[in-house]
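So the structure is just underneath, and the comments pick up after that.
Chain letters run A, B, ... following the sequence lines, proteins first, then strands; residues in each count from 1. Values below: every heavy atom of this structure, side chains too, minus hydrogens, waters and symmetry copies.
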Amino acid sequence: MNLLTIAWKSIRQRTLASFLTALSIGLGVMLMVLVLVIFGAVNSAFTQRSVGYDLIVGPKGSDLQLVLSAVYRIQPPIENLPYMYLEQLKKDRRIISAVPLAFGDVTEAGSFPIVGTTTEYFENEYMPGQRFKIRGERISALFDGIIGAEVARQNGWDVGSTFSIVHGGAESGDVHDEKFTVVAVLAPTGTANDRTVFLNLEGFYAIAGHEKPVDEIEKRLKDFYAADPERLADAMQQLEGYKQTEKAAGDAHDHTHASPDAMKEVTAILVRTRPETPFDAISLSAELQKGFQAMAVNPVRPIQRLVTGLLGNIQKALVVLTGIIILVSGVGIFVSIYNSMSDRRREIAIMRALGAGRMHVFGIVLAESTLLCVGGGVVGWLVGHGLAIGASPWVIRQTGLLINPWALNSWEAILFPVLVGLAALVGFLPAMTAYRTNVADALSS
Amino acid sequence: MSLLLERIRKSYREPGGRKLPVLGIERFEMAQGEQVALLGSSGGGKTTLLNIISGILTPDSGRVIVDGRDIAAMQEVVRDRFRATKIGIVFQTFNLLPAFSALENVLLGMSFSGKGVDKAFAKQLLERVGLGHRLNHSPQKLSVGEQQRVAVARSLANKPVLLLADEPTANVDPANQQLILDLIRDTCRDHNVSLLMVTHSMEVASAYQRVEKLQEFNRPELCLQEQTV
Ligand SMILES: Nc1ncnc2c1ncn2[C@@H]1O[C@H](COP(=O)(O)OP(=O)(O)OP(=O)(O)O)[C@@H](O)[C@H]1O
Ligand SMILES: [Mg+2]
């Protein structure tokens with residue numbers, strides 16, 4: 001029998017105390033694993049690898065709001081940009097793709113965000129190396145829609161379902177008259193796309209009330225292109241033509257007629273630059289910053305700022321807290337073993353009489369604390385990751401966070417060495433008691 | 001020769017600090033395979049002597065030669081290992097470990113010898129003491145007599161050259177006493193192990209060819225004499 005087996009027997013002798021102390025260590029480790037897995041998921045959701053675009057272009061305002069609204073779709077939009085501006089960006093040599101997004105409305109059922117876009121959105125990767133898997137047909141009619149996996153699941157929709165949308169956010173209660181039809185469902189992506197309903201941009205414009213009055217558009221264009229008289233003149237010309245046709249149509253209230261580009265607006269533009277020249281994104285962003293009433297922001301940096309600044313500290317605090325739980329559990333193991341030492345004086349003396357050396361009995365006690373600390377730790381670690389595995393589908397559904405239950409954190413790499421160190425620390429004093437046992441005395445007592 | 005004691009002196013310190021002389025033995029020897037009954041009154045130093053022979057205690061002076069080597073002069077680690085391999089002990093109070101089964105108690109006896117455990121031999125020993133059907137019983141589930149038989153098997157686990165028995169039947173019911181005494185003597189004879197049987201019972205001692213009375217060769221006062229020299 002080796003020392004571990006002998007130590008195990010002694011642990012079994014005090015089943016309840018051993019179980020409870022190992023359990024407390026396990027709980028601490030489990031909590032630590034869960035904290036790490038959850039924060040790992042949050043962190044990876046907001047890394048560069050989580051968005052397939054290099055820049056988000058939107059009206060000047062809060063960069064955080066632009067990202068939260070255009071990428072994560074959990075904030076209302078800032079304002080709109082002229083559609084003409086999209087055309088302008090597309091001509092830039094540095095840009096390989098510029099995808100317009102128009103949003104602000106939600107579905108009547110479930111309040112999922114509505115995004116008007118073009119087919120290019122689905123042709124691009126939504127995450128580096130990840131393409132949309134679409135089940136259904138392409139958008140052909142004006143009021144066709146494509147829905148994310150989570151929308152389909154929660155609302156019980158499938159290809160062929162029809163739905164209504166609410167203007168400008170759920171609380172307005174202002175339901176549009178138009179009925180939309182689901183023509184395709186996206187496979188789950190673990191991103192905000194799962195919670196989004198996509199419409200064709202043209203369909204989005206065609207919704208009654210989405211087109212602003214000509215006067216307002218005129219004013220906005222004048223503001224936007226104040227420094228670019230050439231484009232402004234072009235826009236004004238388009239608007240003049242539009243006013244003529246409007247007059248001709250009279251009171252017919254026919255909104256399905258084609259509007260000139262100058263009348264259209266987009267909420268944000270997703271931009272991809274050439275991967276071989278990473279500085280393009282930076283120079284483009286700097287240029288836009290100086291120019292018109294637009295800004296281009298990195299799709300993750302504003303959030304990363306938030307995550308590392310705020311969540312990073314919360315994570316540290318929680319990890320330290322679970323560390324303290326583990327430490328206190330270690331003290332529990334110390335008390336449990338130390339208390340048992342007086343009862344075990346005789347047993348230790350017997351082993352010594354059978355030929356065990358001082359180092360043997362020292363090692364047996366140390367092995368005991370190690371089995372409790374590391375054993376409890378391993379169980380807690382497995383349960384923690386097990387819980388993460390079990391909960392990950394639910395978390396993905398609820399939050400869109402992609403949980404990787406086995407993602408190992410650098411904290412975890414030091415966890416087991418720390419547990420072994422803890423075992424040595426709490427086992428040392430009892431082990432010394434065993435080491436010092438006076439055999440003749442203990443045998444005669 | 002399996003045991004030779006030369007000029008052993010041992011005294012304890014009393015709580016007050018005064019010296020309490022216990023052993024003063026000029027010479028004591030046992031041949032290989034010999035069986036000796038050691039008689040002594042209570043408090044006469046029998047247990048102290050056995051502890052010195054097994055190396056659990058060191059004498060104040062003198063040589064303790066077991067199987068040709070002086071235990072008293074060994075470093076502690078060496079002495080522990082030597083005890084594991086060469087000396088078997090049967091205690092008055094059995095001293096089985098409650099967390100271990102009968103078989104495991106015997107295996108435990110093998111665990112510190114550095115030779116590895118021999119499960120087949122452990123089973124054989126338990127069968128020899130009539131407990132082949134009790135291998136996996138824990139000590140609490142065994143009768144007192146059975147417990148001492150496990151202890152006898154354990155003491156022989158490493159095939160020692162010398163077996164020390166300290167009143168092994170004092171706590172055993174009369175019906176089992178003779179059985180255990182015979183068992184110890186027979187197994188020692190089987191394995192050519194020398195036996196030093198400590199007892200205070202004349203009846204037990206009378207069965208032995210060689211009976212030694214501790215009082216007759218132990219002169220504790222020698223401890224004091226040498227101090228004054
Ligand atoms: N650790 C000790 N410190 C001081 N005195 C001790 C110690 N151990 C034993 N003694 C004393 O030494 C003497 C011999 O003790 P020992 O246990 O060797 O006697 P024994 O012959 O085995 O007695 P018993 O028949 O009662 O078992 C006794 O007087 C005892 O009180
Ligand atoms: Mg005694």
Side-chain angles (χ1 to χ4, degrees), chain A residues 1-19 22 336-337 339-369 371-372 430-432 434-445, chain B residues 10 12 43 46-52 54-58 75-101 103-117 119 122 138-140 151 154-155 157-158 160 164 166:
Chain A
M1 269 186 285
N2 57 33
L3 300 188
L4 273 180
T5 324
I6 297 171
W8 176 242
K9 293 271 170 199
S10 153
I11 286 174
R12 292 269 306 276
Q13 221 175 339
R14 296 170 290 120
T15 315
L16 186 66
S18 304
F19 175 76
S336 156
I337 297 182
N339 279 344
S340 75
M341 288 316 287
S342 56
D343 300 335
R344 289 163 59 190
R345 227 168 83 84
R346 191 179 186 85
E347 286 174 31
I348 286 161
I350 295 166
M351 286 196 255
R352 291 292 313 279
L354 292 176
R358 287 184 195 274
M359 282 316 286
H360 281 124
V361 293
F362 182 88
I364 288 168
V365 175
L366 217 53
E368 245 174 76
S369 69
L371 279 175
L372 290 177
M432 273 319 284
Y435 183 91
R436 291 214 197 95
T437 303
N438 182 322
V439 181
D441 277 2
L443 281 176
S444 66
S445 60
Chain B
K10 179 70 184 177
Y12 288 114
K46 302 183 296 292
T47 300
T48 304
L49 178 60
L50 291 191
N51 280 345
I52 283 176
S54 66
I56 287 173
L57 284 177
T58 46
Q75 286 209 312
E76 191 184 52
V77 262
V78 182
R79 191 162 59 230
D80 290 332
R81 176 61 60 87
F82 189 84
R83 173 164 64 253
T85 52
K86 300 286 186 184
I87 300 169
I89 307 174
V90 181
F91 303 91
Q92 183 178 335
T93 51
F94 324 147
N95 284 337
L96 297 179
L97 290 170
F100 296 73
S101 70
L103 180 61
E104 286 166 343
N105 263 284
V106 178
L107 294 176
L108 188 73
M110 298 173 168
S111 298
F112 308 109
S113 66
K115 291 186 294 193
V117 298
K119 211 167 181 172
S138 70
Q140 303 92 294
R154 184 179 67 183
S155 69
N158 293 314
L164 307 173
D166 195 352

>> Return the CZ to OG1 distance between Phe100(B) and Thr5(A), rounded to the nearest 0.5 Å.
In response: 8.5 Å
> At a heavy-atom separation under 4.5 Å, does Arg346(A) approach chain B through its side chain, its backbone, both, or neither?
Replying inline: side chain
> Hey, what do you get for CG (Asn438(A)) to CD1 (Ile56(B)), rounding to the nearest 0.5 Å?
Replying inline: 10.0 Å
> Is the number of heavy atoms from other residues, nucleotides or ligands under 6.0 Å of Lys119(B) NZ greater than 12?
Replying inline: no
> For Gln140(B), does the CD atom sit with more than 12 other heavy atoms under 6.0 Å from it, leaving out its own atoms?
Replying inline: yes
>> If I measure from the heavy atoms of chain B, does Met359(A) come under 4.5 Å with its side chain, its backbone, both, or neither?
In response: neither
> Closest approach of Lys9(A) and Ala99(B), non-hydrogen atoms and distance?
Replying inline: CD-O, 3.6 Å
>> Give me the atom names and distance for the closest heavy-atom approach of Ala353(A) to Phe91(B).
In response: CB-CZ, 3.7 Å
> What part of Leu108(B) lies closer than 4.5 angstrom to a heavy atom of chain A: side chain, backbone, both or neither?
Replying inline: both
>> Please classify the contact between Ser113(B) and chain A as side chain, backbone, both or neither, with a heavy-atom cut-off of under 4.5 Å.
In response: neither
> Can you tell which of Glu347(A), His360(A), Arg352(A) has the highest number of heavy-atom pairs within less than 4.5 Å of chain B?
Replying inline: Arg352(A)
> What residue, out of Ile6(A), Leu3(A), Val439(A), has the most heavy-atom pairs lying under 4.5 Å from chain B?
Replying inline: Ile6(A)
>> Is Asn95(B) close to chain A through its backbone or its side chain, or both, or neither, when contacts mean heavy atoms under 4.5 Å?
In response: both
>> On a heavy-atom basis, which atom in Leu354(A) and which in Phe112(B) lie closest, and how many Å separate them?
In response: O-CD1, 4.3 Å
>> If you compare all heavy atoms of Asn51(B) against all heavy atoms of Ala440(A), which two are closest, and at what distance to 0.1 Å?
In response: ND2-CB, 3.7 Å
>> Can you tell me which portion of Arg79(B) sits under 4.5 Å from chain A's heavy atoms? Options are side chain, backbone, both or neither.
In response: neither
>> Quick check on Leu107(B) against chain A: is it the side chain, the backbone, both or neither that has a heavy atom closer than 4.5 Å?
In response: both
>> Under the side chain to side chain contact (heavy atoms under 4.5 Å, CB included) test against Ile350(A), which residue among Ile89(B), Leu97(B), Asn105(B) passes?
In response: Leu97(B)
> Which answer fits Glu76(B), side chain, backbone, both or neither, if we ask what part of it has an atom under 4.5 Å from a heavy atom of chain A?
Replying inline: side chain
>> Looking at chain A, which one of Pro98(B), Ala157(B), Gly88(B) has the largest number of heavy-atom pairs inside 4.5 Å, strictly under?
In response: Pro98(B)
>> Quick check: closest heavy atoms across Ala84(B) and Gly355(A), and the distance to 0.1 Å?
In response: CB-CA, 3.6 Å
> Quick one: what part of Leu443(A) sits under 4.5 Å from any heavy atom of chain B, side chain, backbone, both or neither?
Replying inline: side chain
> So, for Met1(A) and Val117(B), which heavy atoms are closest and what is the spacing to 0.1 Å?
Replying inline: N-CG1, 3.1 Å
